[in-house]
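To start, the structure itself, in structure tokens.
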Amino acid sequence: QVQLVETGGGLVQTGGSLRLSCVASGRTFSNYAMGWFRQAPGKNREFIATIDWTGNNTDYADFVKGRFTISRDNDKNSVYTYLQMNSLTPEDTAIYYCAAGQYSRDDYKYWGQGTQVTVSS
């Protein structure tokens, strides 16, 4: 059974940090790119970052501005993907999703259920 499970969300104050984790299992994900997306209330889902299957190439949305870092570990049976988020602001409040697919900003086949991130002012 294919599963992508995000953890690490929560409530943090402005300027704080969070590290999101995603574990993908149930099939071979080591050759998939992994991405992070978010959706704020009343807004469309937006791309945050992606990392290719080697871990050597990354791409970030402009609004990240060096605050977020994506990384991954390819295990034998699972892929672990992380999103380190620093200097958080209330505008970062959203549900954060990880996804597996093509190294791109919009071509992803498998999705997690999301984890809520709330940044208080």
Side-chain angles (χ1 to χ4, degrees):
Q1 179 182 0
V2 171
Q3 278 190 311
L4 279 72
V5 180
E6 305 95 336
T7 57
L11 176 64
V12 64
Q13 292 184 332
T14 296
S17 298
L18 282 175
R19 188 190 194 213
L20 305 183
S21 300
C22 170
V23 55
S25 61
R27 65 160 297 147
T28 302
F29 283 104
S30 57
N31 56 350
Y32 277 73
M34 299 298 296
W36 283 98
F37 295 77
R38 71 184 186 184
Q39 187 167 19
K43 295 187 177 181
N44 294 328
R45 185 172 61 197
E46 64 179 347
F47 166 79
I48 299 172
T50 183
I51 186 166
D52 74 353
W53 71 275
T54 69
N56 293 327
N57 297 293
T58 58
D59 183 29
Y60 293 92
D62 290 344
F63 70 81
V64 169
K65 297 179 182 178
R67 299 182 298 132
F68 296 179
T69 303
I70 189 171
S71 60
R72 68 185 288 165
D73 289 318
N74 292 337
D75 191 69
K76 179 180 179 181
N77 298 311
S78 303
V79 170
Y80 298 85
T81 309
Y82 307 99
L83 187 68
Q84 177 66 43
M85 306 188 295
N86 300 324
S87 302
L88 289 164
T89 73
E91 289 68 37
D92 295 313
T93 295
I95 299 174
Y96 284 68
Y97 300 90
C98 72
Q102 299 298 312
Y103 182 62
S104 66
R105 294 191 172 197
D106 58 6
D107 187 3
Y108 289 83
K109 183 175 182 179
Y110 302 101
W111 292 85
Q113 294 300 305
T115 185
Q116 176 71 47
V117 171
T118 303
V119 185
S120 63
S121 58

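Numbers here are sequence positions counted from 1.
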Output yes when a side-chain donor or acceptor of [X] lies under 3.5 Å from a complementary backbone atom of [Y], and no otherwise.
X: Arg67; Y: Ser87; answer: yes
X: Asn74; Y: Trp53; answer: yes
X: Glu6; Y: Gln113; answer: yes

Point to revise | Steps toward side-chain contact (heavy atoms from CB on, under 4.5 Å) verdict (Asp106, Phe47) | key: CA-CA 7 Å; Asp106 58 6; Phe47 166 79; over 6 Å; no
Review point. Distance from Asp73 atom CG to Ser30 atom OG, nearest 0.5 Å?
Key: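 The CG atom of Asp73 sits 12.5 Å away from the OG atom of Ser30.
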Check your understanding: Roughly how far, to the nearest 0.5 Å, is the CG atom of Leu83 from the CG atom of Leu18?
Key ->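 Answer rounded to 0.5 Å: 9.5 Å.
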Tell me, please, which residues at least two apart from [X] pass side-chain contact (heavy atoms from CB on, under 4.5 Å).
X: Ala100; answer: Leu4, Phe29, Tyr32, Met34, Tyr110
X: Ser71; answer: Tyr82
X: Asn86; answer: Ser17, Gln84
X: Ile95; answer: Tyr97, Gln116

Can you see which heavy atom on [X] is nearest to which on [Y], and at what distance?
X: Ala33; Y: Thr50; result: CB-OG1, 4.2 Å
X: Thr93; Y: Val119; result: OG1-N, 2.9 Å
X: Pro90; Y: Thr14; result: CD-OG1, 3.3 Å

Practice item. Check step by step if side-chain contact (heavy atoms from CB on, under 4.5 Å) holds for Met85 and Val12. Key: CA-CA 11 Å; Met85 306 188 295; Val12 64; over 6 Å; no
Kindly list each side-chain donor-acceptor pair under 3.5 angstrom involving residues 36-43, sequence neighbours excluded, with atom names and distances?
from  : atom 1 : to    : atom 2 : distance (Å)
Arg38 : NE     : Glu46 : OE2    : 2.6
Arg38 : NH1    : Asp92 : OD1    : 2.8
Arg38 : NH1    : Tyr96 : OH     : 2.9
Arg38 : NH2    : Glu46 : OE2    : 3.1
Gln39 : NE2    : Lys43 : O      : 3.0

Practice item. Decide whether Val5 and Leu20 are clustered together by the hydrophobic rule: side chain heavy atoms of Ile, Leu, Val, Met, Phe, Trp, Tyr closer than 4.5 Å, transitively. Key: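 The answer is no; the residues belong to distinct hydrophobic clusters.
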Exercise for review: May I ask whether Tyr108 and Val79 are part of the same hydrophobic cluster, defined by side-chain heavy atoms of I, L, V, M, F, W, Y residues being less than 4.5 angstrom apart, directly or through others?
Suggested key: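 No, because Tyr108 and Val79 fall into different hydrophobic clusters, even though each may have its own neighbours under 4.5 Å.
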Review point. Is there a side-chain contact between Ile48 and Val64, using heavy atoms and a 4.5 Å cut-off?
Key: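 Side chain of Ile48 against side chain of Val64, heavy atoms only: contact under 4.5 Å found.
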Review point. Heavy-atom count around Trp111 CH2 within 6.0 Å, excluding the residue itself: above 12?
Key: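 More than 12 within 6.0 Å, yes.
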For residues 54-63, dump all side-chain donor-acceptor pairs below 3.5 Å to protein atoms at least two apart in sequence or in another chain.
from  : atom 1 : to     : atom 2 : distance (Å)
Thr54 : OG1    : Asp52  : OD1    : 2.8
Thr54 : OG1    : Asp52  : OD2    : 3.2
Thr54 : OG1    : Asn56  : N      : 3.0
Thr54 : OG1    : Asn56  : ND2    : 3.4
Asn57 : ND2    : Asp52  : OD2    : 2.7
Asp59 : OD1    : Arg105 : NH2    : 3.0
Asp59 : OD2    : Arg105 : NE     : 2.7
Asp59 : OD2    : Arg105 : NH2    : 3.4
Tyr60 : OH     : Ile70  : N      : 2.9

